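Let me begin by presenting the structure, written as structure tokens, before commenting on it.
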Amino acid sequence: MTASLAALDARTRTALAGLLLSMADDEFVIGFSDSEWTGIAPILEEDVAMSSIAQDELGHARAFYELLAALLDDGRDADALAYDREPEAYRHARLLDHGRGDWAMTIARRFLYDTADAARLASIGDGWPPLAELVAKIRREERYHVMHALAWAHRLARAGGEARERFVAALEALVPDAPSVLAAPEGEAALIEAGILSRSMAEAFAGWWTEVAGTLGPLGISLALEPPPDPARARAVPSDDFRWLWGEFTSVRRSDPRATW
Amino acid sequence: MTEDGNRMIDEGAPVQPPGDVDDPSRPGGVLEPYEVFRQEKDGDPMRHGGNVLAPDPELAVHYARELFGRRGESVRLWVVRRADVNVLEDLDLLQPPLDRSFKKPGGYLMRDKLAAARGRAGTSKPGARAGSHAGTDRRATR
């Protein structure tokens, strides 16, 4: 890790830190948000499945925070990075700024996020081996998440009636913010130059949208899409939903900041 | 669905999950039991792990994966719709009332009868016979 860090120039390190933070925060926020279904999912089996997926995401977040902690080397560990920031300092995508809503909203959000996240993970090159190795492992788990999201998207869309109506309404509510996951990170050019990114996020975005349209088209759903916003707008200004979630996931940590867990 | 069978499901009966009975737009859908068989490592037999309730085979596989594979305890799962299982549970066929022990690989169960006969004759149990496969050999070479 130390040797691979030394090989990065200052500009690339800053850009890499930003990329890691946004990926970690995305996984952390959707993991916590979806874990709210534990105990109240539609059926017991789905409760286990959604909780397990949420745990996977928190595990991925921890792994990204650990890489970030090593990169920053400022005395903060993964827990400090995850929990000890004010809501304004989180860099999750705007798509994840929406609360979990009802089941249709959760599935719509998972479908849009998991497919976009897959496109992002597929854009990580081997320029920084610790990240490339981690992403190779994460992609094996995320494959299952996409399968799960697609299975539910198909079910809700084909169910007709209220299920379909709610699902389509949820997609329409979320789609303006969906491209935020694939907004170009600051310093993208440096990341591509260093091989940390193997392609631009604009390319990833185009591939992702083709895939989403290819899934929704046969289901008779067409969504209008805006290009991704710039990073400043894609990942800032937390919503009230997120402020509430932040209050939840930091509450135990804040109850005694000096405790050893 | 648990491995110790805490949640038994009646034989093949579909289950109506809690929708809203007063609201026809929320019928709840129909869940069916799927039986899950798991293999712990390559070459092991597939063993029955338990069952899951699911609305279709695709989600049944997902749920089987979550309940019987997410901790890395399986290398293969078979997920079978219980309604597709051909069941035989007729005790006249499976547990016939007459002595059918001669159909077992060991032949008639003679141990108790032999012991009783020896008791009457006052002889002790003979040692293990040498060349116990001699009969088989003769038959094979005839």
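Note on naming: letters A, B, ... go to the chains in the order of the sequence lines (proteins, then strands), and numbering restarts at 1 for each one. Note that the structure is a prediction, hence the values are computed from the model and not measured.
- Interatomic distance, NE2 of B:His62 versus OG of A:Ser52, reported as 12.0 Å (0.5 Å rounding).
- Other residues, nucleotides and ligands place more than 12 heavy atoms under 6.0 Å from the CG atom of A:Asp84.
- Put simply, NE2 on A:His148 and OH on B:Tyr63 are 5.5 Å apart, with the number rounded to the nearest 0.5 Å.
- Residue-environment remark: CZ (A:Arg62) stays at or below the threshold of 12 foreign heavy atoms within 6.0 Å.
- Atoms CG and NE2, on B:Leu59 and A:His154 in that order, are 11.5 Å from each other to the nearest 0.5 Å.
- Under the 4.5 Å side-chain criterion, counting only non-hydrogen atoms from C-beta, B:Leu53 is not in contact with A:Leu44.
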Which is it for B:Glu66 and A:Tyr144 under the side chain to side chain donor-acceptor pair (under 3.5 Å) test, yes or no, and what are the steps along the way? CA-CA 11 Å; B:Glu66 291 295 355; A:Tyr144 165 68; 2.7 Å; yes
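- Across all their heavy atoms, B:Asp56 and A:Arg155 have their closest contact at OD2-NH1, 2.6 Å.
- For the pair B:Arg70 and A:Val48, the minimum side-chain heavy-atom distance is below 4.5 Å.
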